[in-house]
Protein chains: 2
Amino acid sequence: MSVRETNKQRTRHALANAAVDLFTQRGYDAVTMADVAESAGVSRRTAFRYFASKDDLLMEYPLSWLPLFDEAVERHGDLPLPDRLRAASHAIAAHIEVDPEPVKRAMAIALSQPALAARYAAVARQWIDRIATEIAGEPPESPEEAVRTRVLASAVMGMIDTTLELWAAGDEPMSPLLDVGFDLLDGAFTQARQSKVELR
Amino acid sequence: MSVRETNKQRTRHALANAAVDLFTQRGYDAVTMADVAESAGVSRRTAFRYFASKDDLLMEYPLSWLPLFDEAVERHGDLPLPDRLRAASHAIAAHIEVDPEPVKRAMAIALSQPALAARYAAVARQWIDRIATEIAGEPPESPEEAVRTRVLASAVMGMIDTTLELWAAGDEPMSPLLDVGFDLLDGAFTQARQSKVELR
DNA sequence: CAGAAAGTGGCACTGAGTGTAAAATTCGAG
DNA sequence: CTCGAATTTTACACTCAGTGCCACTTTCTG
């Protein structure tokens with residue numbers, strides 16, 4: 001990796017870390033972008049070049065999981081849909097639990113601020129679209145089909161979302177919680193398949 | 001109603017209407033709070049007293065539906081859960097379709113701006129919590145129960161959400177679309193009940 | 001009608017976010 | 001290694017959202 005890329009990555013991490021630290025110490029509102037920038041040893045303007053907004057500083061994790069999800073889904077392409085989603089989720093869980101603390105801290109901050117929770121919800125929506133794509137296989141042809149796939153995707157996301165929240169607030173490992181959720185969903189998937197929802 | 005209340009309500013509507021008009025004409029970003037205030041014949045400061053933030057100007061509708069939902073759910077308290085939710089949704093649909101145009105315009109603006117979509121998602125989350133409460137009857141006692149109810153609530157909300165989007169983008173009435181969604185969900189509910197999820 | 005209560009307007013301030021142009025750093029070619 | 005090109009950082013200035021404060025006006029109550 002070139003010097004430039006290395007530096008950029010270091011700066012990016014420095015900013016995200018400084019942000020989580022400062023937010024945890026003083027609270028989100030009491031920390032300005034200038035504070036974060038200074039703490040990371042960089043100018044305010046540069047901080048904004050790395051993170052387009054203050055709350056983006058806390059979206060590092062959920063956004064970085066999206067490609068992991070895609071990759072894992074790809075890797076388990078031979079499994080039936082529900083198992084594929086389950087496997088992908090476990091892959092992300094494993095990745096998170098290598099170093100879960102910063103994730104938990106970031107989530108604690110995000111969930112305490114309505115504005116940030118909104119941002120999280122928006123990211124979740126991206127996830128829903130991704131999952132819906134995975135469920136449908138291709139773009140829906142009728143409104144009914146669109147509703148059906150999005151309903152399933154929302155259910156999956158709602159489960160993941162709740163699981164993440166419970167996990168972040170507690171001390172248990174994530175995988176068993178995930179399995180509880182997926183076990184429940186499996187039933188719904190079966191039902192959906194019987195209702196002629198197309199599953200790959 | 002007292003003069004004071006009447007005036008407040010008029011101002012509130014003037015602001016919300018001016019906002020939707022201006023946003024539609026020039027786009028959300030190109031309109032400042034000062035523009036909206038002026039157009040509604042009120043000072044900037046006062047505008048912020050009615051709407052705590054610029055994007056709140058577009059959350060009038062979804063937020064106003066929450067009490068309707070509660071009320072309708074209450075009114076149909078004798079129906080089993082799925083039918084209760086369905087009836088409440090139809091009640092809201094009926095209310096919306098009295099004058100659907102402003103709702104559609106507001107939604108079109110909101111969905112075109114990522115920041116606003118996030119705000120919408122946050123409102124949806126409030127809905128999910130409300131629905132989850134309705135599903136569970138009382139606060140969950142175990143993590144597993146929390147996951148189960150939130151999954152169902154997310155599914156319901158995902159359905160409603162998608163239905164709203166489809167409806168706002170098209171010309172069909174909302175009720176048939178809603179029924180497609182609820183028919184699909186009924187299956188999921190049945191399944192859930194068999195898995196020992198407590199339903200009132 | 002007078003005084004209290006509620007609402008409005010004006011002003012000044014903080015902080016997020018952005019355009020721009022000059023200065024600094026990194027890169028690639030010879 | 002060195003020079004010029006490309007990329008990145010910085011400083012500065014600006015707009016606008018959002019808030020605290022206080023004087024002013026409107027509405028309510030007795």
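Per chain, numbering begins at 1; letters A, B, ... match sequence-line order.
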Mind listing the closest non-hydrogen atom pair of [X] and [Y] along with its distance?
{"X": "B/Leu22", "Y": "B/Ser39", "result": "CD1-CB, 3.9 Å"}
{"X": "B/Arg150", "Y": "A/Thr162", "result": "CB-OG1, 3.2 Å"}
{"X": "A/Ala40", "Y": "A/Leu15", "result": "CB-CD2, 3.6 Å"}

Rounding to an integer number of Å, can you tell me how far [X] [atom1] sits from [N] [atom2]?
{"X": "B/Arg49", "N": "C/dG10", "atom1": "CZ", "atom2": "P", "value": "11 Å"}
{"X": "A/Phe48", "N": "C/dT18", "atom1": "CZ", "atom2": "P", "value": "8 Å"}
{"X": "A/Phe51", "N": "D/dT9", "atom1": "CZ", "atom2": "P", "value": "13 Å"}
{"X": "B/Arg44", "N": "D/dC16", "atom1": "CZ", "atom2": "P", "value": "10 Å"}
{"X": "A/Lys8", "N": "D/dA6", "atom1": "NZ", "atom2": "P", "value": "17 Å"}
{"X": "A/Arg45", "N": "C/dT18", "atom1": "CZ", "atom2": "P", "value": "8 Å"}
{"X": "A/Arg12", "N": "D/dT9", "atom1": "CZ", "atom2": "P", "value": "12 Å"}
{"X": "A/Asp56", "N": "C/dT18", "atom1": "CG", "atom2": "P", "value": "10 Å"}

Query raised in the report: For B/Asp78, does the CG atom have more than 12 heavy-atom neighbours from other residues, nucleotides or ligands under 6.0 Å away?
Result: yes
Do any N or O atoms from the side chain of [X] and from the backbone of [Y] form a donor-acceptor pair under 3.5 angstrom?
{"X": "B/Thr133", "Y": "B/Asp129", "answer": "yes"}
{"X": "A/Glu38", "Y": "A/Ser43", "answer": "no"}
{"X": "A/Arg26", "Y": "A/Val31", "answer": "no"}

TODO: Classify the nucleic acid contact of B/Tyr50 as base, sugar-phosphate or nothing, counting any heavy atom under 4.0 Å across all strands shown.
DONE: sugar-phosphate
*asked:* Does the structure place the NZ or CZ of A/Arg12 under 6.0 Å from the centre of the six-membered ring of A/Phe51, at an angle of no more than 45° from the ring's axis?
replied: yes
**Item:** Ring-face cation of A/Lys54 near A/Phe48 (centre distance under 6.0 Å, axis angle within 45°)
**Value:** no
Under a 4.0 Å heavy-atom cutoff, the residues of residues 13-39 of chain A touching DNA chain C are A/Val31, A/Thr32, A/Met33
In 5'-to-3' order, the base (B), backbone-only (S) or no-contact (-) status of each nucleotide in nucleotides 22-30 of chain C, using a 4.0 angstrom heavy-atom cut-off, is ---BBS---
- Look at the side-chain N and O atoms of A/Ser43 and state whether any lies under 4.0 Å from the OP1 or OP2 oxygen of D/dT10. yes
